[in-house]
Amino acid sequence: MEYQFKEIEQKWQARWKADKAYQVPNISEKPKFYVLDMFPYPSGAGLHVGHPLGYIASDIFSRYKRLQGFNVLHPMGFDSFGLPAEQYAIETGQHPAKTTEENIGNFKSQLDKIGFCYDWSREIRTSDPQYYKWTQWIFLQLFNSYFCNTQQKARPVTDLVKKYETSGSKDFSAEEWNAFDAKTKAEWLMKRRLAFSAYGEVNWCEALGTVLANDEVVNGVSERGGHPVIKKKMRQWYLRITKYADRLLAGLDTVNFSEAMKEMQKNWIGKSEGAEMEFAVEGKDEKIRVYTTRPDTIFGVDFLVLAPEHQLVKDITSAEQLGAVAKYLGYVKSRSDRERMAEVKQVTGCFTGAYAINPFNGKQIPIWIAEYVLAGYGTGAIMAVPCGDQRDFSFAQHFNIPVTNIIGQHFNGNEANATKEAVLENSGFLNGLQMKDAIGIAINKIEQDGIGKRKVNYRMRDAGFSRQRYWGEPFPIKWEDGVAIALSAADLPLQLPYVEKYGPGPEGEGPLANIHEWVEEKYETSTMPGYAGSSWYFLRYMDPQNEETFCDRKVSDYWGQVDVYIGGTEHAVGHLLYSRMWTKVLFDLGLIGFDEPFKQLVNQGMIQGSSRFVYRVQGTNQFVSAGLKDQYETNELHADVNFVDGVELDMEAFRKWKNGEFADAEFILEGGKYFCGIETEKMSKSKYNTVNPDDLVSKYGADTFRMYEMFLGPVEQSKPWDTKGIEGVHRFLRKLWRLFNDEVKGKIWTVEPPTDAEWKLLHKTIKKISYDTENFSFNTAVSAFMISVNELADAKCHKKQILEQLLILLVPYAPHIAAELWSQLGNPGSILDASYPTFEEKYLVESTKEYPVSINGKLRTTLNISLEASPEEVESLLLQNEVVQKWLEGKAPKKIIFVKGKMLNVVI
RNA sequence: GCCCAUGUGGCGGAAUUGGUAGACGCAGCAGACUCAAAAUCUGCCGUUCGCAAGGGCGUGAAGGUUCGAUUCCUUUCGUGGGCACCA
């Protein structure tokens, strides 16, 4: 009986489906475990072999936890709102709802072939009104909440209103508040809401009549069509995520993310501590406020620099410099953000003619404007300390501004030195202090003298939350007389209306602005961004059909945090930060019981494509094999990996490719073969290096495919795909099969009791596989399975007691074959719920050890010694050994190192 | 520029706490079985000197610590990723 993977896999997949084997209850005596995949955007291209990597890993882990007796939540769904579907709709006229539906169907059938244990009864789609009803509902919670600075948490806006009514705020008294009209009140409240509306800049493309995402703008022009793009002020929605900056930072210490991931989030939040202080402008009333992280260098300030967009520029510029400044402003305006970023090294700037006064020593300091100072960060103005900051130094040099040295020897006059170790000189009250100590003292003095105050700055901005698009969640907001009115929860969902056209509305508004009834109702015309639905989806899986609430509190208390979250690093700063913030808000409002969504995050690496190239001799139909290409003038062309065996091209398949574009190709061969060039690149259709999992599953089976993806290397590492090695894994499964069945004799497994050696073999495997699975080291687990099966085959062990335990270990990796053989062994019940074997130390106890014997640290021989032997006995055995004696040449050893159970080393 | 990864045979990779480098698999070579093919099985497979026994070298490079370093430290180079005139 052969290993008929096709029949076996179909049979078990059908049975598990019929038995609802993967449905998970919300009420259970078992401890819970939640394993989550980052849900996919259902693109039209379908899956390639890179996509399932993380899904297989999470599937293995889920099944492993289930066997260990956990109630495992392992759901899947679709992030089905988004730009590509809308783009496709614009091009083809097909409604996004329709294409999305088709793509999801395609994805699901691809996923099912691989044999995942998803509980599809919990499937969610972000574009489903029953789902986005609750996205809208959570938006209303954000809209109706503010961040209380005292308690450092979200609270209902009604609390804020009460406070205003009774005690006012720093901007108005209670009486004033109560006298405000509704619109004024709304404006004040908008300044505090967690989801708020304000004017902000968007990328506006006049020619396309639409707003573009940053990704769609390349080099200052639109990606489509290459039309100019300018910044335009429009009313936008934002999330006040900056209020959560500190908690988002602190929360990182409580979760198990990779250091790299935490680092990325920290960088994104970009917290810096320093001081904000004011410089008086000579002869004017204006004061210039600067932000610095190095107040200790205050005596080294040689000039101030304002961002060209700074509002004080026009007020302080002197009459003589008016012309020069206007010219410089014109220059800056002509430059795109990208140019400003690209040409970092270029020093430009312009003197304003005005001077500021250093508040500590009264020194007169010139005020410049320069594009290297950004309007959007800090106060848009800096104090320049050329001896300590390289950009300031380059600027001073370029414009011949004298440099004050406050760090003595540490400054060499040729480049700045940003040290904090130097002892300060020329620094008034800070003289003689080490810089790092001076920082605090300087801030205290600044605060004492009323010049400024301690200040924490963040690089992170409030998150833009509206898109001028169709295919997203409508905001549950009406605009009346310029005031945003929230819909009541009873009116949700506010359904996305059906449209015929997806083009932009007037004045850059979204397509919804073209719908008469929509505008008539005064609904907000923009929609929510892609990350809205994905910010809370892990909660909906817990309670997907609930019509009363987004997720019942009892249910979320049971499932709690996601124990393991698996996905790519591309979401490091977007999705992960937003969902962490939403979780914190929901926690603050008492709607859930935890404030970090993901306990552990595992980042799977990218599977890269391994591209193959053919070399066409210029201007001919001749293709030259890779080894000979240097003898010709050639053009490199991608060839489809699917008809290259290793590096050898299937010339017939190549001639038939692309409807015969290369039908009359001629080949210049090496040894009768055509060899292709190889390069590792991103997997993509245009590079013809994609491999479809369906093909591999139908050729080798899902079990082989799953194990091979894991065998490629560590999950977290990026690696190129190479189909060739899959044969090895398939051979392994066939070999496993032959432990149970013989092609001729049929059944060969027996119920004979195993020997000690066989038990030892099994328990060695149990130990290794459990350890590796627990630690996501799936590649070494696969290799341990291979070793185990090789050893069992060598030992001709066909004993049920051993084999059935091995099958349970295998379930997470290759569930179909494991289930089939389990039932062949005559076991009742489903192997999916068998109990995971526990490793017992007693089987692995050894009495002797084959010690490696080194002379001066170099291995020379091995020596089999009882583990009971005393150090003296070991030493005498060692010195009797002829190899050791040979190396000693009659001399006595200087030293003998004996580590029990490990090794022996003789120093001569 | 800064931060984080990472570098081991022809290839993917292993070595869990500083203790036998190259497990497992692919590819390759030789052989068995077969009329033949497939499948399967056996042996070899870092490099170099040597008939062999055995030895030299070897984990990007150079140093260091140690009885002993792929593993720890310093310097340096390459690759991948993130951030970036961030004051």
Roughly how many Å apart are B:A14 and B:C26, using the C1' atom of each and rounding to a whole number? 15 Å
Which is more 5' along RNA chain B, the nucleotide nearest A:Tyr851 or the one nearest A:Asp722? Just name the residue. A:Asp722
For a quick test of reading the model: is some side-chain N or O of A:Tyr771 closer than 4.0 Å to OP1 or OP2 of B:U16? no
Centre-to-centre under 6.0 Å for A:Phe61 and A:Phe776, is that the case here? yes
What integer number of Å spans the P atoms of B:A39 and B:G78? 46 Å
Tell me what A:Arg860 touches on the nucleic acid: a base, only sugar-phosphate, or nothing, going by heavy atoms under 4.0 Å. sugar-phosphate
Heavy atoms only, 4.0 Å cut-off, all strands: where does A:Glu263 land among base, sugar-phosphate and nothing? sugar-phosphate
Nucleotide B:C85, atom C1' - distance to OH of A:Tyr372 in whole Å: 9 Å
Over all strands shown, is A:Thr780 touching base, sugar-phosphate only, or nothing at heavy-atom distances under 4.0 angstrom? sugar-phosphate
Any side-chain N or O of A:Lys735 less than 4.0 Å from the OP1 or OP2 oxygen of B:C41? yes
Side-chain donor-acceptor contact under 3.5 Å, A:Tyr372 with A:Asp392: yes
Less than 6.0 Å separating the ring centroids of A:Tyr331 and A:Tyr328? yes
Once you round it to whole Å, what is the distance between P of B:A14 and NZ of A:Lys768? 10 Å
Checking base pairs now: Watson-Crick or wobble, both atom distances under 3.5 Å. What partners B:G12? B:C24
With a 4.0 Å limit, can you tell me whether A:Arg391 has a side-chain N or O closer than that to the phosphate oxygens OP1/OP2 of B:C86? yes
N/O (side chain, A:Gln717) to phosphate O (OP1/OP2, B:G13) under 4.0 Å: yes
Nearest-Å distance for atom pair CE/P, residues A:Met264 and B:C2: 19 Å
Rounding to an integer number of angstrom, what distance separates B:G7 and B:C45 when you compare their P atoms? 26 Å
Base-pairing mate for B:C29 - Watson-Crick or G-U, with both contacts under 3.5 Å: B:G43
Pairing partner of B:A69 (Watson-Crick or G-U wobble, both distances under 3.5 Å): none
Taking CE from A:Met460 and P from B:G82, how many angstroms apart are they, rounded to a whole number? 20 Å
Tell me whether the OP1 or OP2 atom of B:A38 has a side-chain N or O from A:Arg734 closer than 4.0 Å. no
Could one point to a donor on the side chain of A:Asn267 or the base of B:C83 with an acceptor on the other under 3.5 Å away? no
Determine whether the aromatic ring centres of residues A:Phe5 and A:His730 are separated by less than 6.0 angstrom. yes
So, does A:Asn779 get its side chain near the phosphate of B:A14, meaning an N or O under 4.0 Å from OP1 or OP2? yes
Mind calculating the distance between NZ (A:Lys262) and P (B:C4) to the nearest angstrom? 14 Å
Checking A:Arg459 against A:Trp268: charged group under 6.0 Å from the ring centre and within 45 degrees of the axis? no
Select base, sugar-phosphate, or nothing to describe what A:Asp389 touches, counting heavy atoms under 4.0 Å on all strands. nothing
Roughly how far apart, to the nearest Å, are B:U6 and B:G55 at atom C1'? 35 Å
Ring centres under 6.0 Å, that's the criterion: do A:Tyr708 and A:Tyr700 meet it? no
Quick one: which of B:U42, B:C24, B:A27 gets closest to the side chain of A:Met786? B:C24
Spacing of A:Leu712 atom CG relative to B:C24 atom C1', expressed in whole Å: 13 Å
Could you state the atom-to-atom distance from NZ of A:Lys849 to P of B:G19 in whole Å? 12 Å
Comparing nearest nucleotides in RNA chain B, the 5'-proximal residue of the pair A:Met903, A:Arg294 is A:Met903
Compare side-chain N and O positions of A:Trp887 against OP1 and OP2 of B:G55 and report whether any pair is under 4.0 Å apart. yes
Please give, in whole Å, the distance from B:G58 P to A:Leu859 CG? 16 Å
Measure the shortest side-chain to side-chain distance between A:Leu844 and A:Lys764 over non-hydrogen atoms and say whether it is less than 4.5 angstrom. yes
Just label B:G54 as syn or anti from its O4'-C1'-N9-C4 or O4'-C1'-N1-C2 angle, using within 90° of 0 for syn. anti
Look at the side chain of A:Lys886 and decide which nucleotide, out of B:G12, B:C67, B:G55, has an atom nearest to it. B:G55
